[in-house]
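A quick write-up on the structure given underneath.
Worth knowing before you read on, the calculation uses all heavy atoms, side chains too, and leaves out hydrogens, waters and symmetry mates. By convention in this document, chain letters (A, B, ...) are assigned in the order of the sequence lines, proteins followed by strands, and residues within each chain are numbered from 1.
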Amino acid sequence: MKLSKAFIPTLKEVPADAIIPSHVLMLRTGMVRMLSAGIYSFLPLGYTVVKKVVEIIREEMDAIGGQEFHLPALNPKEIWEETNRVEAFGDTMFHIKNRDYVLAPTHEEIMTYHAKGVVKSYKDMPQIWYQIQTKFRNEPRPKSGVIRGRQFLMKDAYSFDTSWENLDKSYALHDQAYRNIFKRCDLKYFIVGASSGAMGGNRSEEFMVKSEAGEDTVAHCEKCGYAANVEVATSVVEGAPRNENSLELKEISTPNVKSIDELCRFLNINETQCAKSRVYIHNDKPVLVLMLGNDEVNETKLASVLPGALRPGHPDELKEITGADAGSIGPIGFKGRIIADLRLKDANNLYSGANKNDCHLGGIDLKRDVPNLEYFDLRTVQAEETCTRCGSKLDVFKAIELGHIFKLGTRYSEALGATFLDENGKVNPIIMGSYGIGVERVIACYIEQHNDEKGIIWDKTLAPYQLHLMGLNMKKPEVIEASNKIYDDLKAMGYQVLFDDRVDAQAGFKFNDADLLGLPVQIIVGDKNLKENKVEVKIRKSGERFTIEIDRLYDKLKELI
RNA sequence: CGGGGCGUGGCUCAGCCCGGUUAGAGCGCCUGGUUCGGGACCAGGAGGUCGGAGGUUCAAAUCCUCUCGCCCCGACCA
């Protein structure tokens, strides 16, 4: 492609709205332009990269026996009502105004619909069906360029099996395919155990890339490799000590003391002597959640302990339920279910709210004073805590979710009646898995991991072109002739070449554009080197540059690309 | 949805607080010329309903009200 003819609108200045490197660079290199919040147009250069990623995904999915579909994004709402997901997605799902259609945010329902009545026998399975297609989600807050958009490309795959054991096999195939895909894309990633959330199912793992722009937080152990989303991660932490003698319950006046920190200062005690109370409304009934000190309630863990409708209580509800405002609530005299974090197991001589404003109770013995108290792991892992597997310290950081694999089970097949007959002629629901990859995220994450102050650093695998040929002074006949000949030769050899043949651009301008676009190898044709029949080659990644005779260039390129 | 910020030629921004020439700069773009291996220079030129609507005023980019859009933090999130 000749740059003089190409639509590759590079920007010299940093766009005001972009913060993270991948977003800045995708705009500056002319890969994308924003149309509206969270909605991006891919320009030719960006779309070329999309096609490369898609092709890698396609090859690896085909390699595990996947069959590619192309489903409609426009779906009848009815089918989503059968699985209750219109309600589950809520405002995140786009609804069409003038017909009862929705824009699909994922495709479990539609794939299951097609399996129903067609995949009827155990002999018809296993099946792996996938597509690479646009998804629509009405994100309340799109951010970070293409990383969180309202419309995005997703590879979504679905497996259909006759048993949980066979699902394990399909799941393992996808796990391997995903490892291959991300490795080929040269991404540093790791795999974490995750919560399956609204997708349902009983097991899921996420493929994560460490990044400050990430929206997930993960705990990771460098030493043994343990990695989990903090939604589900666990660690070894000391519980509150149980003292030999339990003190008597004692009411203490604590005017204007609201937080645990204030309480510790006021009474000159340690936070591990305090039980913090949070009230949730679970299926319309209040539940008191006790945490040690300043530990935060992990609402994902809480939701798995309290399945169903769950939300924090409103301030006015708290007053009505407990007789006190947040900050003075406690377990003694609380009417309703009480659960506590494991760190509080059988602790005594604790301080907590007295369910009376400006009052706390001391000398609380959970064993003595809170009968039938249930303990669960409810806290969020913090950095520097101890790994449950190997005993070393956990690291906690932000990460971007690139892919997610779920063992769904029968949730969709049961809801939609997708059943099969087994060897014994018995009717069973199909056992399903679902597997997603965010295509744009692969690109954005690659750029996050491969850039410098000059621009992107493409590896040959994802680079939109392999070679960046530059004619430095395209008014000089010898440069025109030599660079055009090299361009034609390289194309004839099958290379993908971007040829900066612009007549009016200065050398420095071309160099900077080349470094910005970041194609792996630059070939620089200038009149000085041409006098010795040479050109200059620059490796973008290392910055290494050398001159070489034109005759030897082609052999050298075989080594480099 | 809550908090904060911002909307002025294609891009980055100044002007607004304190209303008053023909609304500015740099980059980019067009024409001509010089330059030509790390984002050149000279001369000339095109391009703006100041996000939109309403209001105050003799007079609004500037003040007021409403509204739309965008960014950041939070909430939410597959």
Side-chain angles (χ1 to χ4, degrees), chain A residues 9-20 23-24 27-28 30 33-40 83 85 88-93 104-109 135-145 147-150 152 154 156 194-201 204-206 212-217 229 231 299-300 303 311-312 400-406 408 411 434-438 441 454-455 470-476 478-479 500 502-516 522-531 534-536 538 543 545 547:
Chain A
T10 57
L11 300 173
K12 195 157 87 175
E13 293 187 79
V14 177
D17 289 340
I19 305 292
I20 66 166
H23 189 194
V24 170
L27 289 168
R28 287 193 59 207
R33 286 289 186 267
M34 187 180 79
L35 185 61
S36 177
I39 305 178
Y40 284 82
T83 53
R85 286 176 107 201
F89 275 107
D91 196 45
T92 304
M93 183 181 255
T106 174
H107 276 87
E108 279 77 12
E109 279 77 0
K135 301 287 186 262
F136 297 87
R137 296 182 187 181
N138 185 22
E139 294 291 347
R141 180 149 98 86
K143 59 179 286 199
S144 306
I147 287 176
R148 167 176 278 221
R150 293 202 170 122
F152 57 96
M154 182 173 177
D156 47 320
S195 159
S196 46
M199 299 298 291
S204 82
E205 278 160 317
E206 291 168 320
E212 268 310 303
E215 316 201 280
D216 288 275
T217 309
N229 197 308
E231 290 175 348
E299 296 192 352
T300 306
R311 60 172 175 83
I400 296 169
E401 178 188 344
L402 273 182
H404 204 157
I405 56 180
F406 298 90
L408 288 179
R411 170 171 175 185
S434 92
Y435 316 87
I437 292 178
R441 284 186 179 183
K454 288 281 199 179
M470 276 171 269
L472 286 193
N473 186 336
M474 291 299 279
K475 283 178 185 155
K476 298 203 170 175
E478 64 270 31
V479 177
D500 191 344
R502 291 175 294 183
V503 177
D504 49 358
Q506 300 275 122
F509 206 96
K510 294 187 177 187
F511 289 138
N512 282 306
D513 260 357
D515 288 342
L516 174 64
Q522 300 171 10
I523 300 163
I524 301 154
V525 181
D527 56 340
K528 282 176 197 150
N529 285 320
L530 274 181
K531 288 186 180 121
K534 285 180 173 175
V535 294
E536 184 174 337
K538 177 176 168 183
R545 50 210 295 177
T547 56

Output all residues satisfying salt bridge (charged side-chain N to carboxylate O under 4.0 Å, His left out) with Lys476(A), sequence neighbours left out; order by chain, then residue number.
Asp527(A)
Pick the P atom in rC50(B) and in rA61(B), then give their distance to the nearest Å.
7 Å
Among rC70(B), rC76(B), rA40(B), the one nearest Gln506(A) by side-chain distance
rA40(B)
I'd like a table of atom pairs between the protein and nucleotides 7-14 of chain B - only N or O on both sides, under 3.5 Å - with the distance next to each one.
unit_1, atom_1, unit_2, atom_2, d
rC11(B), O2, Glu13(A), OE2, 3.4
rU12(B), OP1, Ala16(A), N, 3.2
rU12(B), O4', Glu13(A), OE1, 3.4

Counting side-chain heavy atoms from CB outward, which of rC76(B), rC73(B), rG38(B) is closest to Phe511(A)?
rG38(B)
When you get a sec, tell me which of rG38(B), rG39(B), rC76(B) is the closest nucleotide to the side chain of Glu299(A)?
rC76(B)
Of the nucleotides rG39(B), rC76(B), rG38(B), which has the atom closest to the Lys538(A) side chain?
rG38(B)
Please enumerate all residues that pass salt bridge (charged side-chain N to carboxylate O under 4.0 Å, His left out) together with Asp500(A), with sequence neighbours excluded.
Arg502(A), Lys510(A)
Nucleotide of rG38(B), rC73(B), rC76(B) approaching Asn512(A) most closely (side-chain heavy atoms):
rG38(B)
Partner set under salt bridge (charged side-chain N to carboxylate O under 4.0 Å, His left out) for Arg33(A), not counting sequence neighbours
none
Is any side-chain nitrogen or oxygen of Ser36(A) closer than 4.0 Å to OP1 or OP2 of rG69(B)?
no
For Lys528(A), enumerate each residue passing the side-chain contact (heavy atoms from CB on, under 4.5 Å) test, keeping only those at least two apart in sequence or located in another chain.
none
Please check the phosphate of rC73(B) (OP1 and OP2 only) for any side-chain N or O of Lys143(A) closer than 4.0 Å.
yes
Just jot down the salt bridge (charged side-chain N to carboxylate O under 4.0 Å, His left out) partners of Glu205(A), sequence neighbours excluded, or say none.
Arg203(A)
Counting only Watson-Crick pairs (N1-N3 plus N6-O4 or O6-N4) and G-U wobbles (N1-O2, O6-N3), all under 3.5 Å, who is the partner of rC76(B)?
none
Using the C1' atom as the point on both nucleotides, what is the distance between rA14(B) and rG24(B), in whole Å?
7 Å
Taking atom types as modelled, is there a side-chain donor on Asp513(A) or Thr10(A) under 3.5 Å from an acceptor on the other?
yes
What's the separation between atom CD1 in Ile400(A) and atom CD1 in Ile20(A), rounded to the nearest 0.5 Å?
6.0 Å
Please determine, for rC29(B), whether a Watson-Crick or G-U wobble partner exists with both distances under 3.5 Å, and give it or none.
rG45(B)
